[in-house]
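Here is the structure we will look at, set down as structure tokens.
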Amino acid sequence: MEMELEMELGSTVERLADAAGLLEQAVERLAQRHNDFAVDAEASIGRIVATVVRQREAELEEKLAAAEAQIAELKAAAASVPAEVTHGRKTLPVSMVNLLAKQGVTVETMEAGAVDAALVSLSVEQRIAVKAQLMRSGLLG
Amino acid sequence: MGHSEGLHRRSAGLAGWSELAGRRDGLQGAAGLEMRAMAVEFPVVHGHPNRLPFEGVLTLVDVASDKAPSGAKGHRVVLTHAAAEAALPSLLGMAVDYKAGWDGHDARQKCGIITAAELDGQKLMVAGYLFARDFPEMEAKIQGSGLASNLMGMSYELADAHVADMRAQVWTLTRATFTGAAILLREKAAYRSTSFRVKRPASAGRRVAVAR
């Protein structure tokens, strides 16, 4: 009887020790998360201009960010498409060609840097449209 | 506008302090209010056709902006006094610009230069010159047709702003670098209490020295 009690007590102590160990680990993890959170809380912002944010502008910025994310996804997906599927076809609507030509970019000389530079003067909406069209046409890799 | 007028006036009054030009100076005000100022000294050119002095309140420090500035992801911001003071040197020599419609910045349309900056209580005041010959429409529009000077304000442009807590409702900027400023309609500025005005051409060649 006494032996059984001793065994039970030993088992309980063992379980308690395990629980204490787990608690210690949890506390360590929580402390680590707290530190990470504190680091995240402080950040540097690239550019702030003390003019009122226009609602429309904010919406368009969000759309542009979403479009750029989509472009990145499409790029990744396009990398897996065999060349024979597209047959190297690269076409662009005339309106887009004209718009780019007005900005001094020709389809033949097109490269990402030139396009970005050329699109600076366009509105955010136009930039989204042009970039999306170029991506669809396969002219912008 | 009396406060900003003081920057040029006091500058002229302290013109003999040329040895302080280009240095930061902190002085104790009569009411115990400490002010910090910096300026670059330009040589006097009487009747310079392309220098039109201006003065203005660029922003307020330790005060939350009335609206969220562009780039602050919808947060209103507070530029701390310490951050503004530390950033004063970065303000000198930066350009002022304006945008058609007077509703924002056009960093490529630089129409003037900031030559002096001063923290006066919660006001960060600046002075400098507009390129009046190069931008004749500026003076005409600000002083004349429709846009009374009391409607005009200023807006700063900051880079590398350090936000103390990104999760805070109002962002506190504890460190930043000024990269420019704009002249715009006060109602378009994130701080409604900014101001801007040009000064009489007669004082265009006046020396700008460090002031408090």
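In what follows, chains are A, B, ... by sequence order, proteins preceding strands, each numbered from 1. Note that the coordinates shown come from a computational prediction; the quantities given were computed from them, not determined experimentally.
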>> As an exercise: rank B:T59, B:T174, B:D103, B:D160 by heavy-atom pairs under 4.5 Å with chain A and give me the winner.
In response: B:D160
>> Could you walk me through whether B:E157 and A:I48 satisfy the side chain to side chain contact (heavy atoms under 4.5 Å, CB included) test, starting with their C-alpha distance in whole Å, then the side-chain angles of each, then the deciding distance to 0.1 Å, before giving a yes or no?
In response: CA-CA 6 Å; B:E157 188 171 316; A:I48 293 180; over 6 Å; no
> Above 12 or not: heavy atoms from other molecules or residues under 6.0 Å from CD of A:Q70?
Replying inline: no
> So which residues of residues 69-78 of chain B are in contact with chain A at a heavy-atom cut-off of under 4.5 Å?
Replying inline: B:P69, B:S70, B:G71
>> Need one label for B:L173: side chain, backbone, both or neither, based on atoms under 4.5 Å from any heavy atom in chain A.
In response: side chain
> Quick one: are B:Y156 and A:V49 in side-chain contact, heavy atoms under 4.5 Å?
Replying inline: no
> With sequence neighbours excluded, what pairs up with B:E187 under the salt bridge (charged side-chain N to carboxylate O under 4.0 Å, His left out) test?
Replying inline: none
> Do A:T51 and B:K188 touch side chain to side chain, with heavy atoms closer than 4.5 Å?
Replying inline: no
